[in-house]
Amino acid sequence: MIRRAFANAQRRFTTAATAAAQTQNAKTQEQLTHFGYKTVREEDKEQLVGSVFRNVASKYDVMNDFMSGGVHRLWKDHLIQTLNPGPNVKLLDVAGGTGDIAFRFLDYCKKVYGANNTASVTVVDINPAMLEVGKERSKRFGFADSGKIFFQEGNAENLVNIEDASVDAYTIAFGIRNCTHVDRVVSEAYRVLKPGGRFTVLEFGQVENPLVKGIYDLYSFQVIPRIGQIVAGDAESYQYLVESIRKFPPQPKFAAMIKNAGFTLVGQGWEDLTFGVAAIHTGFKV
Ligand SMILES: C[S@@+](CC[C@H](N)C(=O)[O-])C[C@H]1O[C@@H](n2cnc3c(N)ncnc32)[C@H](O)[C@@H]1O
């Protein structure tokens, strides 16, 4: 009798201890994330990403051309064509950095609808150094006092200065994979878009074709960090870049995340570019 009571008490203790250990493990797991191939605390990732873009801000645009042989320009042009904005569209370009998407959007609207169109864009980015380069470019391109482009420091995961249902279109190009909680970014996009609004993500993807993948991996890991060292004096940031691409969910998984946040997908929800090296994901807030 005493032995059975003791055995029962021991079982209860073991069960409780296991549950406590599992909770503790789950907590530890929750607080860890990836920074490229490194495992870091969630609270540290934002700062680490911040230092990458602070380091490369002044060389960011020229590095994009070197790394991609100019192909990033074609992808971004294609994003704007896909977006096909109307003459009064209010665009929010998040993680907009030095303004590549915003300037293309304004050029497109001017070309298609003339100088009197009322389209406008707000560029939000967490990194002041990237925004500074964007503001300088805005002056150089003649948009600074146009009242059509606004720059705002902010976090894609919590767009505190953007009201609910206030924008027609939301773009994020090569930004979302740098964010700690991708699901929060997508939910925020849903919140700020008006009904009928369009969510467009341009991001690196996973390449399926084995031959292309072999060449792409070789180029990414052997060449890009070296170009980073030569052009920007910073191999490490570009090592992070190529690693972060591999850690981002493959196209079908990311499309499912967009759908789970409430967006309606058209077809499979994404278009592969250059064998899936990049992809444009689209969701509509219906
Ligand atoms: C690779 S750059 C892309 C810039 C620009 N969209 C383009 O396509 O050239 C990534 C940008 O994401 C920004 N970023 C990273 N995490 C962010 C966050 N949580 N919220 C807003 N911007 C973020 C970085 O500061 C950086 O400017």
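For ligands, and for the atoms within them, numbers begin at 1 and follow the listed sequence. Hydrogens, waters and symmetry mates play no part in the numbers below; they use all other heavy atoms, side chains included.
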Counting each atom of ligand 1 from 1 as listed, which ones have a heavy atom of N155 under 4.0 Å away?
18 (C), 19 (N), 20 (N)
Counting only heavy atoms not in Y108, do more than 12 fall under 6.0 Å of its OH?
yes
G154, G175, P128: member with heavy atom nearest to atom 21 (C) of ligand 1
G154
Mind checking whether F174 contacts ligand 1 via backbone (N, CA, C, O), side chain (CB onward), both or neither, at a 4.0 Å heavy-atom cut-off?
both
Heavy-atom proximity to atom 26 (C) of ligand 1 ranks first, among I176, I126, D125, for D125
A student checking ligand 1 against N178 at a 4.0 Å heavy-atom cut-off should list atoms 10 (C), 15 (C)
Any idea which protein heavy atom is nearest atom 20 (N) of ligand 1, and the distance to it?
A156 N, 2.8 Å
Within the 4.0 Å heavy-atom shell around G96, which atoms of ligand 1 are there?
5 (C), 6 (N)
Has K45 got its NZ or CZ under 6.0 Å from the middle of the six-membered ring of F35, at an angle within 45 degrees of the ring axis?
no
Have Y190 and D164 got a donor and an acceptor in their side chains that come within less than 3.5 Å?
no
Which atoms of ligand 1 sit under 4.0 Å from any heavy atom of A173?
3 (C), 5 (C), 6 (N), 7 (C), 8 (O)
Under 4.0 Å from one or more heavy atoms of M130, ligand 1 contributes atoms 27 (O)
Can you find a pair of side-chain heavy atoms, one from Q31 and one from V40, that are under 4.5 Å apart?
no
Could you walk me through whether K111 and D107 pass salt bridge (Lys or Arg N to Asp or Glu O under 4.0 Å), step by step?
CA-CA 6 Å; K111 193 169 147 210; D107 284 341; over 6 Å; no
Check for me whether R246 meets the cation-pi criterion with Y216, that is, NZ or CZ under 6.0 Å from the six-membered ring centre and within 45 degrees of the ring axis.
yes
Name the closest protein heavy atom to atom 7 (C) of ligand 1, giving the residue it belongs to and the distance to 0.1 Å.
Y60 OH, 3.4 Å
Kindly say whether the aromatic ring centers of F174 and F204 come within a distance under 6.0 Å.
yes
Can you tell which of G99, A95, A57 gets a heavy atom nearest to atom 5 (C) of ligand 1?
A95
Does the side chain of M130 come within less than 4.5 Å of R54's, by heavy atoms?
no
Return the option from K76, E188, H72 holding the heavy atom at the smallest distance from atom 8 (O) of ligand 1.
K76
